[in-house]
Amino acid sequence: MASMKNIKLSEDKRIASIEPGNTWFDAYHALESDNLAVIGGRVAAIGVGGLTLGGGISFYSSQYGWACDNVASFEVVTASGAIITASPTSHADLYWSLRGGGNNFGIVTRFNLETIPQSLMWGGSRILLEPQFPAAIDAFSNLGVNSPQDVAAAQILSFVYYQNTKSASADLQHAKPIANASIFSEYLAIPATSDTTSVRTLANLTLDFNNKNPNGLRESYWTATFKLDRDFTAFIKDVFFEEVLSIADADALIPAITLQVITIPMLRNFAKHGGNALGLSKEDGPFLLIDSSTMWADEADDERILRTHRRIIERSVEEAKKRGLFVEYIYMNYASQFQDVIPSYGAENHARLKAVAKKYDPQGVFQVLQPGYFKLDGVSSRYRE
Ligand SMILES: Cc1cc2nc3c(=O)[nH]c(=O)nc-3n(C[C@H](O)[C@H](O)[C@H](O)COP(=O)(O)OP(=O)(O)OC[C@H]3O[C@@H](n4cnc5c(N)ncnc54)[C@H](O)[C@@H]3O)c2cc1C
């Protein structure tokens with residue numbers, strides 16, 4: 001897809017047609033001069049394709065939903081080689097499936113994304129030390145609950161263990177160029193050791209995030225979803241710091257646990273255009289979404305690092321079940337190759353996705369001939385223990 005880099009704005013500027021070779025930086029930068037944006041990734045180098053097909057959490061998701069909720073239509077090449085348009089009015093079953101179903105249905109050659117007005121925004125990272133962790137967890141869970149009061153606000157709270165030091169990064173964003181909006185007051189009252197928040201362009205903010213995600217190391221992401229709960233959030237933080245001690249000697253190790261809230265306003269937007277395939281309902285929200293991620297250098301450390309991730313997820317899930325907070329959903333874009341993503345969307349959505357795949361890909365080309373990523377029946381046998 002790397003050569004498919006075209007980006008074109010419709011005459012009325014309501015739709016940006018973006019080919020899959022683009023990164024989000026390409027897309028945001030191209031739309032900047034028209035004071036427009038699209039709902040997509042938060043890190044410059046991430047691709048339009050995978051992020052959108054798995055869901056796609058953006059800085060603007062409480063206001064507009066996830067990336068997949070803001071796709072007007074997809075141009076898709078199906079297994080037979082046919083080029084078709086999937087939209088709410090054309091191949092609506094395929095359109096629904098592509099909003100969360102990943103690479104199981106065809107190759108998307110054009111994402112026609114709804115544009116939003118956007119000039120400058122506010123955002124950046126506040127770094128906090130261990131004594132501030134309880135206050136950070138309070139601020140995180142309160143902002144998650146209070147999200148409907150200001151849907152322009154967004155947050156990510158990460159705990160990091162780096163060179164024997166524990167720290168947290170509170171990444172705060174506001175879609176308007178307003179510094180220190182009142183919804184963030186609890187966070188802003190916590191003393192930070194450094195603070196990069198400022199008013200800037202969306203593209204610029206994605207470059208800031210890019211610097212925190214260097215290329216060149218090995219990396220694994222693992223995820224789980226729970227009902228949002230303050231004390232359970234603190235429990236997960238503690239499990240993370242306990243478990244990473246067993247791999248602390250690995251070369252160039254950067255482990256983090258990243259916490260986000262799937263807010264009620266986000267979940268309301270999941271209903272756009274007939275709903276997406278993810279199987280989450282606003283009645284059960286808000287949800288705590290965790291991404292346990294590690295970068296490291298040496299292949300010899302792969303196995304013990306992956307086992308550590310597995311333990312972090314298993315211990316969190318076990319405790320959540322005891323507390324009545326477990327949610328089955330596994331977010332594709334943060335899942336490891338060992339996690340059963342599509343079956344986690346619920347039995348009904350799973351069956352519907354399989355039926356749609358059978359219709360557009362009766363011979364299972366994308367299940368059998370396309371290696372990798374999250375297949376309809378979950379983890380491939382080579383990744384089962
Ligand atoms: C540093 C970093 C930051 C991230 N930030 C965010 C974020 O802000 N929000 C969020 O939700 N997620 C985020 N993610 C997760 C991200 O969404 C996933 O890693 C996603 O898979 C990236 O998509 P890609 O196109 O770049 O990757 P790829 O590896 O190219 O694609 C992933 C899969 O999607 C399929 N695919 C890609 N394009 C197409 C296409 N055109 N047609 C059919 N199938 C296709 C491919 O089969 C591939 O296996 C981040 C990940 C990283 C590493």
Side-chain angles (χ1 to χ4, degrees), residues 1-6 17-28 38-61 65-71 74-79 83 86 94 97-113 123 154-156 158 171 173 202 205-223 254 256 258 260 262 266 276 278 289 291-295 330-337 341-342 357 360-361 365-367 369-375 380:
M1 297 297 163
S3 304
M4 299 187 69
K5 299 279 281 181
N6 198 30
S17 294
I18 301 179
E19 288 187 345
N22 287 292
T23 64
W24 290 106
F25 179 82
D26 300 332
Y28 300 147
V38 284
I39 309 303
R42 295 165 292 194
V43 177
I46 299 306
V48 168
L51 182 134
T52 307
L53 294 169
I57 310 174
S58 119
F59 297 127
Y60 309 124
S61 282
W66 286 11
C68 67
D69 302 314
N70 292 276
V71 181
F74 302 87
E75 180 188 84
V76 195
V77 180
T78 65
I83 303 172
L94 181 59
S97 303
L98 289 168
R99 288 179 306 135
N103 68 3
N104 290 296
F105 302 90
I107 305 291
V108 177
T109 46
R110 194 180 300 272
F111 292 84
N112 297 313
L113 306 183
Q155 63 165 337
I156 303 173
S158 305
D171 301 318
Q173 306 88 29
L202 167 61
L205 190 56
T206 68
L207 287 175
D208 196 36
F209 267 76
N210 218 55
N211 295 337
K212 292 170 97 180
N213 291 278
N215 284 330
L217 290 170
R218 308 179 77 71
E219 187 164 27
S220 186
Y221 275 29
W222 293 64
T223 188
I254 315 177
T258 298
Q260 297 178 67
I262 304 179
M266 281 184 200
N276 62 38
L278 303 175
L289 177 67
D291 175 8
S292 174
S293 68
T294 298
M295 297 184 202
I330 295 173
Y331 182 33
M332 178 181 287
N333 292 359
Y334 296 163
S336 81
Q337 63 271 43
V341 169
I342 304 272
Y360 291 93
D361 179 13
V365 166
F366 291 109
Q367 300 308 299
L369 297 181
Q370 175 182 242
Y373 229 45
F374 301 99
K375 303 300 180 200
S380 119

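Numbers here are sequence positions counted from 1. Just so you know, ligand 1 is whichever comes first in the structure, and atom 1 is the first atom listed for that ligand. This one's a predicted model, so the numbers in the text were calculated from it and none came from an experiment.
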For [atom], what's the nearest protein heavy atom and its distance?
{"atom": "atom 11 (O) of ligand 1", "answer": "Tyr331 OH, 2.5 Å"}
{"atom": "atom 12 (N) of ligand 1", "answer": "Leu51 CD1, 3.4 Å"}
{"atom": "atom 4 (C) of ligand 1", "answer": "Ile46 CG1, 3.8 Å"}
{"atom": "atom 19 (O) of ligand 1", "answer": "Asn333 O, 4.0 Å"}
{"atom": "atom 26 (O) of ligand 1", "answer": "Gly47 N, 2.7 Å"}
{"atom": "atom 38 (N) of ligand 1", "answer": "Gly49 CA, 3.4 Å"}
{"atom": "atom 35 (C) of ligand 1", "answer": "Asn103 CB, 3.8 Å"}
{"atom": "atom 49 (O) of ligand 1", "answer": "Tyr373 CG, 3.3 Å"}

Close-contact set for ligand 1 against [X] heavy atoms, below 4.0 Å:
{"X": "Leu53", "answer": "39 (C), 40 (C), 42 (N), 43 (C), 44 (N), 45 (C)"}
{"X": "Ile57", "answer": "7 (C), 8 (O), 9 (N), 10 (C), 11 (O)"}
{"X": "Asn213", "answer": "1 (C)"}
{"X": "Ile107", "answer": "42 (N), 43 (C)"}
{"X": "Val108", "answer": "40 (C), 41 (N), 42 (N), 43 (C)"}

Does the protein place any heavy atom closer than 4.0 Å to [atom]?
{"atom": "atom 8 (O) of ligand 1", "answer": "yes"}
{"atom": "atom 47 (O) of ligand 1", "answer": "yes"}
{"atom": "atom 44 (N) of ligand 1", "answer": "yes"}
{"atom": "atom 41 (N) of ligand 1", "answer": "yes"}

Can you find an N/O atom of [X] closer than 3.5 Å to an N/O atom of ligand 1?
{"X": "Pro20", "result": "no"}
{"X": "Val43", "result": "no"}
{"X": "Tyr221", "result": "no"}

So [Y] and [X], do their side chains get closer than 4.5 Å, heavy atoms only?
{"X": "Ile107", "Y": "Phe366", "value": "yes"}
{"X": "Phe105", "Y": "Phe74", "value": "no"}
{"X": "Asn22", "Y": "Phe111", "value": "no"}
{"X": "Asn213", "Y": "Met295", "value": "yes"}
{"X": "Lys375", "Y": "Gln370", "value": "yes"}
{"X": "Ser158", "Y": "Lys212", "value": "no"}
{"X": "Thr206", "Y": "Trp24", "value": "no"}

Give me the atom names and distance for the closest heavy-atom approach of [X] to [Y].
{"X": "Gly123", "Y": "Leu205", "result": "C-CD1, 3.8 Å"}
{"X": "Val38", "Y": "Tyr28", "result": "O-CE2, 3.5 Å"}
{"X": "Asp361", "Y": "Ala79", "result": "OD1-CB, 3.3 Å"}
{"X": "Leu278", "Y": "Gly100", "result": "CD2-CA, 3.7 Å"}
{"X": "Thr109", "Y": "Pro20", "result": "O-CD, 3.2 Å"}

For residues 39-51, run the donor-acceptor check on the side chains, cut-off 3.5 Å, and write out each pair with its distance to 0.1 Å, sequence neighbours left out.
residue	atom	partner	partner atom	Å
Arg42	NE	Ile57	O	3.3
Arg42	NH1	Gln260	OE1	2.9
Arg42	NH2	Gln260	OE1	3.0
Arg42	NH2	Tyr334	OH	3.0

* Between Phe59 and Phe209, ring centroids under 6.0 Å ->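 Yes, they do, as the ring centres are separated by less than 6.0 Å.
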* Asked: Quick one: which of Ser61, Gly50, Pro371 has a heavy atom closest to atom 37 (C) of ligand 1?
  ->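 Selected option, by shortest heavy-atom distance: Gly50.
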* Give a yes-or-no answer on whether the side chains of Ser17 and Asn112 include a donor-acceptor pair shorter than 3.5 Å. => yes
* To do: Mark the output for Gly56 as yes if a heavy-atom distance to ligand 1 is under 4.0 Å, and as no if none is.
  => yes
* Asked: Does at least one non-hydrogen atom of Ser293 fall below 4.0 angstrom from an atom of ligand 1?
  -> no
* **Which segment of Thr109 sits under 4.0 Å of ligand 1 when only heavy atoms are counted** => neither
* Does Tyr334 approach ligand 1 within less than 4.0 angstrom via side chain, backbone, both or neither, non-hydrogen atoms only? ->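 Looking at Tyr334 and ligand 1, just side chain atoms fall under 4.0 Å.
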